[in-house]
2 protein chains.
Amino acid sequence: MAKQKRNAQETKLKILTNAKLLFSKQGYDATTVDDIANASDVNKALIYYYFKNKSGLYSEVMSGLFDAIYEEVVNSSKKCNSVVDELEVFIYSYASYAYKHPYFPALLLRELSDSGAHLPEMMFVSMRRLFSLLSDILKRAEEQKVFKHSIAMVVHFMIIGGLNLMVTTKPLRVKAMKMDKDIDTCADCLVDDVAEFIFETMKNSLEVR
Amino acid sequence: MAKQKRNAQETKLKILTNAKLLFSKQGYDATTVDDIANASDVNKALIYYYFKNKSGLYSEVMSGLFDAIYEEVVNSSKKCNSVVDELEVFIYSYASYAYKHPYFPALLLRELSDSGAHLPEMMFVSMRRLFSLLSDILKRAEEQKVFKHSIAMVVHFMIIGGLNLMVTTKPLRVKAMKMDKDIDTCADCLVDDVAEFIFETMKNSLEVR
DNA sequence: GATAAAATTAACTAATCAGTTAGTTAATTA
DNA sequence: TAATTAACTAACTGATTAGTTAATTTTATC
């Protein structure tokens, strides 16, 4: 039976971690509970012991991720002296997290691709919260006459769309580079260079001159 | 048996259309061949008569879409007198197509979210081709000293990421607006306003001053 | 009009899926 | 230390899935 001593927290975490990786790689529907159980080296019934069902597991995976990135972005913003700094830090911290946790962009894009049809409610709240952060930055920047008026939602999606897609398409871009050296798909671009380019693009465009 | 006269082309098209809608709405894995057959009001075995298998059907759906958008963008570009015009038209024609065919952004984002792991080969080629278009515009603009140097791949993803996400998240944004009027999620934004904002953002940032 | 080919049908198949059940074992409690 | 609880297991269940088969019907060809 048990190969070693029991540790419930450790078991649960193992399940969550493997679920996160598999949902990220294969998507929710193509990932079976058996997949997750096998990857975690636990009996499938255990997953129902710890989580209500497959979607309950998914919800926990996603809420963990959203909480983490929100904290990352918020905590980074606290050290800023200006709204332009805040925008920069928003972009850098989001980029940093996304590159370090590539399952996050994959999961997020999948959810957003069907308008969150199966989006757990708390995830919806988290996303609105994240957008609020950026929206607030842009609004204050406008009030301070640092930035022009902007469509915050579009800014948001240009930033996170750009970043997320840069993460998720890495293998594709590497493949494309091998096939055609004339096309620069940024296969070796560093995360900071990407974040910097996006930040400079937004700043140069929005700043009042 | 047959409820009316047979028309093979019409039957095939009906299957493709319904497959496109369902794959777009539910994703590949959650859409069953039975779903598609029922939606098309045909016998399931017919799908195997016309297409090799489920993934063969998917490939045909996707290649149709990519050919269509590529043509749309290319044909629009032919009427341009300057590289800046070309960029504008690239963005506007992509936006126009994406808004008129919301299943395309949904399908594309899903594929890109897992780095095209299941991406049909011809779709990979189509995407590279589309990116080449933009990359070429930016390169020429740089050579003509109209635009500064840019990371074409990041520009590409900021543009298509922004546009695609604006399309796919429409219902989410409407929902968010209802819950909190203080947040402007651009729920009623017009496609041309979005395209214009994205174009102006890229132009203002990249143009040499 | 007869035959062949194309389009279509109903029924079938083996495998897989989310979830369940009853039993076992380790850890905790009294 | 015995009883209870928590963590875990193997096996099961009914429904669903992609794909198949053989038969039927319609259309095209001669």
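Reckoned from all heavy atoms, side chains included, excluding hydrogens, waters and symmetry mates. Worth saying up front: this structure is predicted, and the values here are computed from it rather than measured. Reminder, nothing fancy here: chain letters follow the sequence lines and each chain counts from 1.
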In whole angstroms, how far is the [atom2] atom of [N] from the [atom1] atom of [X]?
X: B:D34; N: C:dC17; atom1: CG; atom2: C1'; answer: 15 Å
X: A:L13; N: D:dA7; atom1: CG; atom2: P; answer: 15 Å
X: B:I15; N: C:dT9; atom1: CD1; atom2: C1'; answer: 13 Å
X: A:I47; N: D:dA7; atom1: CD1; atom2: P; answer: 16 Å
X: A:Y28; N: C:dC17; atom1: OH; atom2: P; answer: 13 Å
X: B:Q9; N: C:dT8; atom1: CD; atom2: C1'; answer: 17 Å
X: B:Y50; N: C:dA6; atom1: OH; atom2: P; answer: 12 Å
X: B:N7; N: C:dA6; atom1: CG; atom2: P; answer: 16 Å

So, OP1 or OP2 of [N]: does either fall under 4.0 Å of a side-chain N or O from [X]?
X: B:T32; N: D:dT16; result: no
X: A:Y49; N: D:dC8; result: no
X: B:T11; N: C:dT8; result: yes

- Which class fits the ring pair B:Y58 and B:F23: parallel under 30°, tilted 30 to 60°, perpendicular over 60°?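 Rings of B:Y58 and B:F23: perpendicular, over 60°.
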
- Message: Does either side chain, that of B:K139 or that of B:S135, offer a donor lying less than 3.5 Å from an acceptor on the other one?
- Response: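 The answer is no; no qualifying pair exists.
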
- Task: Indicate yes or no: at least one non-hydrogen side-chain atom of B:M153 is less than 4.5 angstrom from one of A:T169.
- Result: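 SC-SC contact between B:M153 and A:T169 ruled out.
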
- Contact check, side chains of B:Y94 and B:N164, non-hydrogen atoms, under 4.5 Å: yes

Would you indicate which nucleotide in [options] comes nearest to any side-chain atom of [X]?
X: B:Y48; options: D:dG19, C:dA26, C:dA18; answer: D:dG19
X: B:V42; options: C:dT9, C:dC17, C:dA6; answer: C:dT9
X: A:L46; options: D:dA7, C:dA7, D:dG19; answer: D:dA7

- Task: Can you spot which of B:F104, B:F131, B:F124 makes a ring pair (Phe, Tyr, Trp, His ring centres under 6.0 Å) with B:F66?
- Result: B:F104

- B:D29/B:K54 ion pair, N-O < 4.0 Å: no

- Item | Contact list for DNA chain D against residues 51-61 of chain B - heavy-atom distance below 4.0 Å |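 Here the set is B:N53, B:K54.
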
- Query: Less than 3.5 Å between a donor and an acceptor, one on the side chain of A:K5 and one on the base of C:dA26, is that the case here?
  - Reply: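 Flag unset: no donor-acceptor pair detected.
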
- When you match B:K44 and B:A8 each to their closest nucleotide on DNA chain C, which lands nearer the 5' end?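 Looking at the nearest nucleotide for each, B:A8 comes out on the 5' side.
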
- Note on the structure: 5'-most contact on DNA chain D (nearest-nucleotide basis), B:N43 vs A:A45, goes to A:A45

- Item | Nearest atoms (heavy-atom pairs only) where B:Y48 meets B:V33 |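 In terms of heavy atoms, the two residues are closest at OH-CG2, 3.3 Å.
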
